[in-house]
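One structure is given below, encoded as structure tokens.
Keep in mind the model is a prediction, meaning the values are calculated, not measured.
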Amino acid sequence: MKEEEKINQEEILENEEAQETAETSENTDKQETTEKTAEEKDPLEAAQEEIEQLKTQMLYKTAEFENYRKRTLKEKAELILNGGEKAVSAVLPVIDDMERAIENGAKTDDPAVLREGMELIYNKFIKALEGLGVKKIDTEDADFNTDLHEAVAMVPGMGDDKKGKVIDCLQAGYQLNDKVIRHAKVAVGQ
């Protein structure tokens, strides 16, 4: 009988182990399904959170760009309106000198004094323009250059050494920071 009891106890133990194994596998299956659903939700939630963050970033960047665009448009408008301020400020002292010369011209009849005053004002004006980046195009003994000069007359019979050279400047040309703003009108040897 002891053997039967041992066999029964072994069968009971085996049954209990089988039940535990079954329960463990059921629990494992339940955990796996729970983990799968948790894993399925986490990527979805993570993606939605990332989408919200990206939307927020996009709104900030869009607003920042819009502010930049408005600021640059405002700066451009101010430059256009006040762009000549530097030039006008440079010319104002010359105007003051001209006004003084006109007042003093009425008091004197000496042409040498008037001429000297005009030359001083002219030199001051040229220096003001040079300060703004304006310079006169050199035409004296220069080769004719279509980028700088405009031929208004051709002078024949000047000899081979004067051929293609500037003979006379009829109107001075000027450059602003190496950009021609007025071509020099010249007579060219033929």
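Between Lys55 atom NZ and Glu52 atom CD the span is 5.0 Å, to the nearest 0.5 Å. A distance of 11.0 Å separates CG of Asn67 from OG1 of Thr62, quoted to the nearest 0.5 Å. Here Glu150 contributes atom CD and Arg182 contributes atom CZ; the two are 10.5 Å apart, rounded to the nearest 0.5 Å. Interatomic distance, CG of Asn177 versus NZ of Lys135, reported as 9.5 Å (0.5 Å rounding). Leu170 contributes atom CG, which lies 9.5 Å from atom OG1 of Thr139 (distance to the nearest 0.5 angstrom). Of the inter-residue distances, the one linking Asp110 atom CG with Glu116 atom CD reads 9.5 Å to the nearest 0.5 angstrom.
Between Val186 and Ile167, the closest side-chain pair of non-hydrogen atoms is not below 4.5 Å. Under the 4.5 Å side-chain criterion, counting only non-hydrogen atoms from C-beta, Lys165 is in contact with Asp143. Considering only heavy atoms from C-beta on, Glu140 stays 4.5 Å or farther from Val166 through its side chain.
One hydrophobic cluster holds both Leu129 and Met98 under the rule that ILVMFWY side chains link at heavy-atom gaps under 4.5 Å. Taken together through direct or relayed side-chain contacts under 4.5 Å among Ile, Leu, Val, Met, Phe, Trp and Tyr, Val91 and Leu120 form parts of separate hydrophobic clusters. Hydrophobic clustering (ILVMFWY, side-chain heavy atoms < 4.5 Å, transitive): Tyr174 and Val88 are in one cluster. There is no path of hydrophobic side-chain contacts, each under 4.5 Å, that joins Phe144 to Ile137.
In terms of heavy-atom proximity, Leu176 sits nearest to Val134 at CD1-CG2, 3.6 Å. Minimum heavy-atom separation, Lys86 to Leu132: CG-CD2, 3.7 Å. Of all heavy-atom pairs spanning Ala90 and Ala128, the tightest one is O-CB, 3.6 Å.
Tested against His149 for a side-chain contact (heavy atoms from CB on, under 4.5 Å), the candidates Val152, Asn145, Thr146 yield a single pass: Asn145.
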Discussion item. Could you walk me through whether Gln175 and Leu148 satisfy the side-chain contact (heavy atoms from CB on, under 4.5 Å) test, starting with their C-alpha distance in whole Å, then the side-chain angles of each, then the deciding distance to 0.1 Å, before giving a yes or no?
Written reply: CA-CA 9 Å; Gln175 291 179 314; Leu148 303 174; 3.3 Å; yes
Practice prompt. Walk me through it: do Leu73 and Lys70 pass the test side-chain contact (heavy atoms from CB on, under 4.5 Å)?
Written response: CA-CA 5 Å; Leu73 285 174; Lys70 286 178 183 177; 5.8 Å; no
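Within a 6.0 Å sphere centred on CD of Glu119, other residues, nucleotides and ligands contribute more than 12 heavy atoms. Within 6.0 Å of the CE atom in Met154, the count of heavy atoms belonging to other residues, nucleotides or ligands exceeds 12. The 12-atom threshold is exceeded at CD of Glu66, counting heavy atoms of other residues, nucleotides or ligands nearer than 6.0 Å.
Salt-bridge formation is not detected for the pair Arg100/Glu103: no Lys NZ or Arg NE/NH1/NH2 atom is positioned less than 4.0 Å from an Asp or Glu carboxylate oxygen.
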